[in-house]
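Below is one structure, written out as structure tokens, with a few remarks after it.
Below, chains carry the letters A, B, ... as their sequence lines are ordered, and counting in each starts from 1.
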Amino acid sequence: MQIDRKTAPSKKKIVIDPHLWVDHYSDFLYRYTLSRISDDETARDLVQETFLAALESLHKFEGRSKEITWLTAILKNKIIDTYRKNSSGLNGKMRMDEAEKQQENFFEKESGQWKEEHVPQSFSADIEELLINEEFNEILRGCLSKLPPLWSAVFTMKYLDEEDTYAICENLCITHANFWVIIHRTKLNLRDCLQTNWI
Amino acid sequence: MNTLKKITCCCRKAIFLVERKHTEGIAVMDEIRLLIHLKDCPVCRIFQEQSLLIDCMMKRNQKFLKDKRINLSDDFKNNLKGLIQDKLVQKTGVMGDTVL
């Protein structure tokens, strides 16, 4: 079933065929989600919800962008909703408390210098090699999945989506100062996790 | 001596500045503070290098997932096609041909 619409004023005909969405776009949307949310079941649910939400708002599709761009925008909003939901839950808060407590141990309280057990050590490999090292990348993904949900959301939006800082703050309801504290703590945590699991 | 003390910073502050410098930029005074710290602190220099490595890996992660053949199962896809079909029938039933 194809859906044809004529849009004013250009009267350009838009042809959408939702029957082709699964074959054409579902794998891309699934991978897009998995790179932002590590839980497989949630990723599949979000792809499904995206298609169903798109069907509900077919009338809003004006053909100004490609179908896949429109579907990805719907999915992106759903991912942000999931970030918000996960961060506000009890589990999210517990993981945040745990991670914050752990980081208090990174530095000497008085001097602000690294504690001996957390001093950054060289990864003993060339940076270029590490970038393409499959095992090292897998460890990073594992470390990311252990982060408190809010930290993971902020970090993913900043470095993977390269979103504007103010847009991230607005979407996740955090202040600019909080944003920096989260970025700082996330990086500390990830680097330490990589060191623990790699060296 | 006092002036020098004022513009030096501890490791905790230095790595905060490292992060901010690479993402949003920092004030000139903080830039000087960081330079002085990094000059004498090999440990924070390692942190800085590894911090940039993580940034690059995050960007690469996107490409990796696009490249890799991670796909939804056929069962899931067929089920999804069924749901879409049902929804379309429901929609055209309610709305008639006006959207068609």
Exercise for the section: Just say parallel, tilted or perpendicular for the rings of Tyr166(A) and His176(A), cut-offs at 30° and 60°. Expected result: parallel
Problem - chain B interface, residue from Leu131(A), Thr156(A), Leu52(A), Ile127(A) that has the most non-hydrogen pairs under 4.5 Å - result: Leu131(A)
Exercise for the section: Classify the ring geometry between Tyr32(A) and Phe28(A) as parallel (under 30°), tilted (30 to 60°) or perpendicular (over 60°). Expected result: tilted
Problem - Best-contacting candidate, Leu194(A), Leu140(A), Ile183(A), against chain B by heavy atom pairs under 4.5 angstrom - result: Leu140(A)
Practice task
Assign the ring pair Phe47(B) / Trp114(A) to parallel, tilted or perpendicular, where the plane angle (0 to 90°) is split at 30° and 60°.
Solution key: tilted
Problem - Polar side-chain atom of Asn78(B) near backbone of Asp74(B) as donor-acceptor pair, under 3.5 Å - result: yes
Practice task
May I ask you to check whether Tyr30(A) and Phe76(B) place their ring centers less than 6.0 Å from one another?
Solution key: no
Handout entry: Which of Asp40(A), Ile132(A), Val47(A) touches chain B most, by non-hydrogen pairs under 4.5 Å
Key = Ile132(A)
Problem - Salt bridge present between Asp55(B) and Lys187(A) (N-O < 4.0 angstrom) - result: yes
Problem - Contact origin within Phe16(B) toward chain A - heavy atom pairs under 4.5 Å - result: both
Handout entry: chain B contact via Phe51(A) - side chain, backbone, both or neither, heavy atoms under 4.5 Å
Key = side chain
Problem - Part of Ser26(A) within contact of chain B (heavy atom distance under 4.5 Å) - result: both
Exercise for the section: Name the option with the most non-hydrogen atom pairs under 4.5 Å to chain B; the candidates are Glu56(A), Lys158(A), Gln195(A). Expected result: Glu56(A)
